[in-house]
2 protein chains.
Amino acid sequence: MTKKIPRQGRAPDARKRAAILGSAMKLFLQNGFAKTSMAAIADEADVTKQTVYAHFKDKDNLFQNIIAELAKKHAPPPGLFGSGKASVEAALYDLGLAFLNMVSSKEGIAATQLVVAEAYRHQRLAQHYYESGPRRILNLLADYLASQVKAGKLRIHSPLSAASYFFAMLKGNYYLRVLLNTKPKPTANEKEAHVRECVTIFMRLYGGKDALKTRNEL
Amino acid sequence: MTKKIPRQGRAPDARKRAAILGSAMKLFLQNGFAKTSMAAIADEADVTKQTVYAHFKDKDNLFQNIIAELAKKHAPPPGLFGSGKASVEAALYDLGLAFLNMVSSKEGIAATQLVVAEAYRHQRLAQHYYESGPRRILNLLADYLASQVKAGKLRIHSPLSAASYFFAMLKGNYYLRVLLNTKPKPTANEKEAHVRECVTIFMRLYGGKDALKTRNEL
DNA sequence: GTTAAATCATACTGTAGGGTCTAATAACAT
DNA sequence: ATGTTATTAGACCCTACAGTATGATTTAAC
């Protein structure tokens, strides 16, 4: 019932709005909140400052929209554990690699830096970002693990803990270094090897009884 | 040979310099780089802006000094694995708890947020901070682990990897949430329990042969 | 006690940037 | 056609703030 407000005159241009959002995201990610000016955003979007202010109340409001957009963009896709037919190892490997690629992507890094940097000023935003991104994916994995426990494929007391350890190991060294721009960025090969190792360790910890007897060194 | 430049007149006041550094650190940690003004720093230090500029070339220079100071302050203490006589478990537990307390302290959080936020602008600083803090402690643990491997107390292929997994598990859930100000902060009890669990897992992974046979669930 | 440097107090400059205003034009609704 | 709204172009206001200038005052070296 709220959709068809009777209008007269020109309608707001959705493409311009999108352009503004796009430019703002690009610039915020590139230079951070403080060092991105509204004028620069307007320029980049080929739009007037006025138009920017017509669509967004102020800089803060625009920023909130960007973070919300990023949260959506970085949320885990719906069919994450699709068929559920693959082996646990394969599922973990795929998830792990996707996750690692995500967080070490240029945009993933910039987004995290941005949110962390502004977290103390926009606590609700940070919370929302966390819950729709990291927290969501953590829960998904926990659910999957629980299902595999039921299926007798894993032995886990607390799936949520186990899931968090899996992600923790994945991030391991990388994460902080990535956040701090301490390159060089890992190569695809390194990432794959690292994910394999994490899966191996995970299975040694939580795999069926026999899994524990296999290779004892890492 | 560079120390005794013949001077005349008043000497720079070391206490004022210290006061400036103190105020700057406090305010930078509290409000971030951009939102801390030189005037505010001078005020807080009970000093004139002129004096601030007498001691530090500009805001950036002052900031660099602060980060260096933080890096020193957060560097691991020398006698970390003191006697080396305690059990591996106990050593890991102590280290883990100290580490967790450190990174979840108000100042530890603020420092990390600050460095992360400015990382893309002050890459060398971030690098320096990483190497004198996290990297150093990682190496210390790796060395300790290697020594315990030699002593037959542990079975580890790559001590550096193992060390990084230990810290990764410690941070686990906590770290990102802490960086994002997603409270509530963990209580002392929770931290202790968490460290215990990490040590247990670690020993299951890397402890002597028998360690693997114990409790199979977590 | 003279001198040179450090500090103070305060005013000042210059610039960047958030946000507003106005007047004109363009697009759409009825 | 008429009215309403979006957008443009560009000037404009105001505040915050980094950094400087000036002149007085204190402190320590000699």
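Chain naming here is simple, since letters A, B, ... match the order of the sequence lines and numbering starts at 1 in each. All values below come from the heavy atoms of this structure, side chains included, with hydrogens, waters and symmetry mates left out. This is a predicted model, so every value here is computed, not measured.
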Does C:dT7 have its OP1 or OP2 closer than 4.0 Å to a side-chain nitrogen or oxygen of B:H55?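 For C:dT7, OP1/OP2 do have a side-chain N/O of B:H55 under 4.0 Å.
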
Taking 4.0 Å as the cut-off, does a side-chain nitrogen or oxygen of A:S37 come that near to OP1 or OP2 on C:dA16?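 No, A:S37 has no side-chain N/O under 4.0 Å of OP1/OP2 on C:dA16.
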
Is the shortest side-chain N to carboxylate O distance from A:E131 to A:R136 below 4.0 Å?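 Salt bridge absent between A:E131 and A:R136.
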
Mind calculating the distance between [atom1] ([X]) and [atom2] ([N]) to the nearest angstrom?
X     : N      : atom1 : atom2 : answer
B:R10 : D:dT26 : CZ    : C1'   : 5 Å
A:L27 : C:dG18 : CG    : C1'   : 16 Å
A:Y53 : C:dT22 : OH    : P     : 17 Å
B:I41 : D:dA18 : CD1   : P     : 8 Å
A:D13 : D:dT7  : CG    : P     : 6 Å
A:R15 : D:dT8  : CZ    : P     : 11 Å
A:L62 : C:dG18 : CG    : P     : 11 Å
B:K59 : D:dG19 : NZ    : P     : 8 Å

Looking only at heavy atoms, what is the nearest atom pair of B:L100 and B:L170, with distance? CD1-O, 3.6 Å

At under 4.0 Å between heavy atoms, what does [X] touch on the DNA or RNA strands: base, sugar-phosphate, or nothing?
X     : result
B:K49 : base
B:D46 : sugar-phosphate
B:T48 : base

5′-ward residue of the pair A:K16/B:D58 relative to DNA chain D: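 Nearer the 5' end of the strand: A:K16.
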
Parallel under 30°, tilted from 30 to 60°, perpendicular over 60°: which one fits the rings of B:F63 and B:H122? tilted

Ring-face cation of A:K185 near A:Y174 (centre distance under 6.0 Å, axis angle within 45°): no

Lys/Arg cation over aromatic B:Y175: A:K171, 6.0 Å, 45° cone: no

Can you say whether a donor on the side chain of B:Q50 sits under 3.5 Å from an acceptor on the base of D:dA21, or the other way round? yes

